[in-house]
Amino acid sequence: MRDLSADAKLMSLNTATLGPKRSLEDAVEGCLRHGIGGISPWRDKIAEAGLPQAVKMIRRAGLTVTGVCRGGMFPAADADGRRLALEDNRKAIDEAAALESRCLVLVVGGLAPGSKDLGDARRQVEDGIAASLDYARSVGVSLAIEPLHPMYAADRACVNTLGQALDICDRLGTGIGVAVDVYHVWWDPELAPQIARAGRDGRLFAYHLCDWMVPTTDLLLDRGMMGDGAIDLPAIRRDMEAAGYDGFCEVEIFSAGRWWPKSIDEILGTMVARGKSCI
Ligand code: ZN
């Protein structure tokens with residue numbers, strides 16, 4: 001396993017970690033101050049800055065873009081909705097291409113509005129990815145399906161395990177892989193063999209870190225800092241690297257109560273210290 005204790009060059013800051021009020025510029029400058037080598041911007045932060053400015057800012061800082069968050073959200077109630085989703089995904093692919101991102105993260109979407117048909121939602125997801133993939137390939141953007149914890153199946157993502165995501169990848173071919181987010185997959189008894197499978201097929205595109213708090217007080221906004229929760233993070237990284245993953249460790253912490261109220265330097269200082277000691 002790689003020794004990450006010396007510096008934070010292989011760490012990446014997912015902009016969600018700083019909370020909704022901080023700008024892309026705040027995030028970029030924070031990475032520079034703390035020696036963090038990568039960044040993964042959410043699209044609202046790219047939009048606030050403006051894409052050309054975002055590209056310039058990140059390039060000038062010498063940061064690697066480890067992902068753009070996010071595309072996906074494919075299931076819709078009707079053909080118009082599905083068309084709009086595809087258009088938005090094409091835009092997201094363009095943004096990822098402009099930023100030379102290692103991938104576009106796909107949070108694939110849950111049930112279509114008004115529907116209880118999970119099978120239909122899953123079909124719409126696969127159709128939507130299939131319809132986006134040629135364009136992504138043509139501009140050199142890798143699509144990374146992020147399986148989400150099953151508690152989000154209704155509203156955010158009906159792809160809930162690594163195995164399920166990899167089955168979709170197998171059916172769709174090249175240019176598609178997975179973003180492994182520990183928060184979503186740590187509980188899965190199939191985690192280790194599925195990470196190995198993803199590695200064999202060259203489909204490990206991103207690795208997202210935080211921790212699972214006990215108890216978790218909010219399904220979305222109570223993620224923990226690495227080391228504060230129940231996840232055996234070094235064990236998962238060992239599996240990732242044994243499977244060939246040599247990319248960044250991207251920290252993505254949605255934490256409205258605990259971390260977002262803190263100063264940027266406290267958040268990033270803690271993130272870097274934990275990155276050196278707890279992952
Ligand atoms: Zn994630």
Side-chain angles (χ1 to χ4, degrees), residues 10-20 27 36 38-46 64-73 89 92 95-96 99 101-110 125 129 141-153 155-162 164-166 168-169 176-188 191 194-195 198 203-213 216 218-226 228-231 233 236-237 239-240 245 247-256 259-260 267 271 274-275 279:
L10 285 174
M11 294 192 81
S12 173
L13 173 67
N14 183 297
T15 59
T17 302
L18 298 182
I36 295 163
I39 193 164
S40 178
W42 278 69
R43 290 180 64 208
D44 58 335
K45 296 297 155 194
I46 297 171
T64 299
V65 178
T66 57
V68 165
C69 296
R70 58 176 164 60
M73 294 293 167
N89 274 277
E95 290 168 22
L99 287 161
S101 177
R102 297 223 167 156
C103 64
L104 172 66
V105 172
L106 299 182
V107 173
V108 297
V125 163
I129 297 173
V141 170
S142 299
L143 300 181
I145 302 173
E146 181 164 331
L148 260 53
H149 190 286
M151 68 185 170
Y152 299 116
D155 57 348
R156 289 178 196 276
C158 58
V159 174
N160 306 106
T161 65
L162 214 44
Q164 187 191 357
L166 290 168
I168 295 173
C169 294
I176 176 106
V178 292
V180 176
D181 185 321
V182 297
Y183 191 73
H184 298 301
V185 300
W186 71 279
W187 56 273
D188 184 352
L191 181 59
Q194 294 299 333
I195 286 174
R203 298 201 195 271
L204 290 171
F205 292 169
Y207 182 43
H208 297 178
L209 290 157
C210 64
D211 214 331
W212 183 277
M213 300 306 289
T216 289
D218 186 289
L219 296 188
L220 189 63
L221 302 178
D222 190 31
R223 292 188 183 207
M225 180 63 72
M226 297 85 73
D228 286 346
I231 306 178
L233 295 168
I236 300 178
R237 184 159 72 88
D239 288 342
M240 289 286 291
Y245 182 73
F248 284 66
C249 295
E250 176 180 325
V251 176
E252 183 185 35
I253 301 176
F254 294 81
S255 174
W259 288 99
W260 288 351
I267 299 169
M271 165 182 150
R274 299 295 180 84
I279 64 168

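Predicted model only: the values in this text are computed from it and were never measured. Just follow the structure's listing: the first ligand is 1, and inside any ligand the first atom is 1.
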Using the test salt bridge (charged side-chain N to carboxylate O under 4.0 Å, His left out), find all partners of R203 that sit at least two apart in sequence or belong to another chain. D170

Identify, with sequence neighbours excluded, every residue that meets salt bridge (charged side-chain N to carboxylate O under 4.0 Å, His left out) alongside D222. R258

Measure the acute angle between the ring planes of Y245 and Y207, then classify it against the limits of 30° and 60° as parallel, tilted or perpendicular. perpendicular

Once side chain to side chain contact (heavy atoms under 4.5 Å, CB included) is applied, do any residues pair with A165, and if so which ones, sequence neighbours excluded? I145, P147, V159, V178

Side chain T161, main chain Q164, donor-acceptor under 3.5 Å: yes

Closer than 3.5 angstrom, by distance alone: can the side chain of S40 be matched with the main-chain N or O of G67 as a donor-acceptor pair? yes

When you check the space around the Zn ion (ligand 1), which protein N, O or S atoms turn up under 2.8 Å? E146 OE2, D181 OD2, H208 ND1, E252 OE1

